Amino acid sequence: MIRLGYPTQNLTLGASTNRSLRLGNLPDAARVRSLVRQNLWDLCRILRWNARRGVGIFRLGQSVIPFASHPNFPYDWEKEHAAELREAGRLARSLGIRLSMHPGQYVNPGSPRPEVVERSLAELRYVARLFGLLGCEDAVLVLHLGGAHGDRRKSARRFVGALAQERGVLRHLALENDERVWSVPEVARVAGELGVPAIADTLHHALNPGGLALREALDLTLPTWRGRRPKVHLSSQDPEKQPGAHARLIRREDWLGLLEALDGREADVMVEAKGKELALEPLLPPGGAPERREDARKPAAGGDPRPAPERPQHRGGRALG
DNA sequence: AGATGTCAAGCGGAT
DNA sequence: ATCCGCTTGACATCT
C-alpha cells in the first residue's frame with residue numbers, strides 16, 4: 001500500500017504549521033506562545049482533514065516552534081507546550097498519520113566551521129525533542145548532507161562524526177539525496193554508516209542520478225528502512241523555472257514512473273508541490289479515506305466544516321481565513 | 001491600500 | 001569577487 005502526504009500547510013483550509021516571526025520580535029514571549037499555539041491548532045485541523053481524505057503522512061513546518069533552537073528563545077518551550085504537543089501527537093497517532101520534518105539549507109552538520117555544526121546540532125535536537133514530546137515514535141527527520149566543501153570524503157566523515165553520538169536525533173533521522181552534490185548511492189552509504197535509513201527524491205535523482213535508474217535507487221534505499229515503512233519524495237519540475245524548482249502539481253508520468261519503479265513495494269510518498277494537498281487529489285484512490293473511523297464524531301454535515309471545538313485563547317490572535 | 005525588499009543561519013554554482 | 005536561489009512568512013518601508 002502506498003500512503004501519500006504533503007508538507008507544512010493546507011491551502012484548502014488556509015491552515016499553516018509554519019507561522020514565524022522576525023528575530024527582533026523574539027523577546028515578545030506572549031507573541032511567540034500565540035504563534036506556537038496557532039501552528040499546533042492548525043496542525044490538528046490539518047490532521048483531521050487528512051484523515052477524512054485518506055492522507056496518511058504530513059510534514060510539519062520547520063517553524064512549528066519558531067527559533068526554538070535559538071539561544072535567545074524567550075521561554076522553556078518544552079515545558080510550556082508539553083501538554084499541547086502531547087495532545088497533537090495523540091491525535092496524529094489515533095488517526096494513523098505519520099509526521100515528519102525537514103530542516104532547511106542552514107543545517108549542515110558536515111560543515112568545516114564548528115559554529116555551523118553547533119547550530120545545526122541545536123536545530124536537529126529541537127526536532128528530536130519535539131517528536132519526543134509529540135510521542136510519535138515513527139516520525140522522520142529528513143536531512144540533506146549539505147556541502148561538499150571541496151572534499152567529499154572529508155565532508156561525509158565530518159557529517160558522520162558530528163551525528164554519531166546524537167542518539168535522540170538518530171532515532172528519527174533519514175538522509176535524502178539532493179539535486180547537485182550528493183546522489184542516492186552516496187547518501188545510502190553515509191546513511192549506512194550512521195545506521196539510519198535513506199530517502200530517494202525523484203526530482204533530485206533525475207538531476208543527479210549517480211549512475212542509477214530510479215528503480216535501482218529504490219532498490220538501494222527501500223531496504224535501509226529495515227521493516228519500518230520506507231519513505232520516498234515525489235515532485236515534478238516546474239517547466240518555467242530553473243532545474244530543481246518544484247512544480248505546482250505532479251506530472252502524471254512522474255507519478256506513473258514512480259509506481260512502476262516501486263513495482264508493488266510499500267512506501268510513504270511525500271509529495272513536494274507548490275499546490276500542496278491539491279497535488280495529491282489526482283493520485284489518491286477515488287472516494288478519499290478508506291476505513292478510518294476514528295474521525296466519526298465529526299459533524300458530517302454537507303457544506304461548511306467550521307472548526308467546532310474551542311479555539312485557543314491567545315492575545316493578538318486573528319481570524320483564520 | 002498595496003507593493004517591495006529584507007530578514008538568523010550555508011552552501012554550490014553562475015556571472 | 002559578488003550574487004543568486006533554495007521554503008515561506010513576517011514586517012518595515014516605500015509608493
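Owing to the predicted nature of the structure, the values given are computational and were not obtained by experimental measurement. Lettering of chains follows the sequences in order, A, B, ..., and the numbering in each one begins at 1.
Between A:Thr221 and A:Asn177, every side-chain heavy-atom pair lies at or beyond the 4.5 Å cut-off. Taking 4.5 Å as the limit, some side-chain heavy atom of A:Ser20 sits within range of a side-chain heavy atom of A:Phe67.
A gap of 24 Å separates the C1' atoms of C:dA10 and B:dC11, to the nearest Å. If you take atom P in C:dA1 and the same atom in B:dC7, they sit 24 Å apart, rounded to whole Å. Annotation: C:dT7 and B:dG2 have their C1' atoms spaced 24 Å apart (nearest Å). Annotation: B:dA3 and C:dC6 have their C1' atoms spaced 24 Å apart (nearest Å). The separation of B:dT4 from C:dG5, taken at their P atoms, amounts to 16 Å, rounded to a whole angstrom. Here, C:dC11 and B:dA8 have their P atoms 11 Å apart, quoted to the whole Å.
Electrostatic pairing of A:Glu137 and A:Arg93 does not count as a salt bridge here, judged by no charged N lying under 4.0 Å from a carboxylate O.
In the set C:dG5, C:dA12, C:dG9, the nucleotide with an atom closest to the side chain of A:Asn25 is C:dA12.
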Self-check item: side chain to side chain contact (heavy atoms under 4.5 Å, CB included) assessment of A:Leu23 paired with A:His70
Solution: CA-CA 9 Å; A:Leu23 181 59; A:His70 195 282; 3.6 Å; yes
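Running 5' to 3' along DNA chain B, contacts with non-hydrogen atoms of chain A at under 4.0 Å begin and end at B:dG5 to B:dG13.
The aromatic rings of A:Trp49 and A:Tyr6 stand perpendicular to each other, their planes meeting at an angle above 60°, with 30° marking the opposite boundary.
Between A:His102 and the phosphate of C:dT7, there is no side-chain N or O to OP1/OP2 separation shorter than 4.0 Å. An OP1 or OP2 oxygen of C:dT7 is reached within less than 4.0 angstrom by no side-chain nitrogen or oxygen of A:Lys276.
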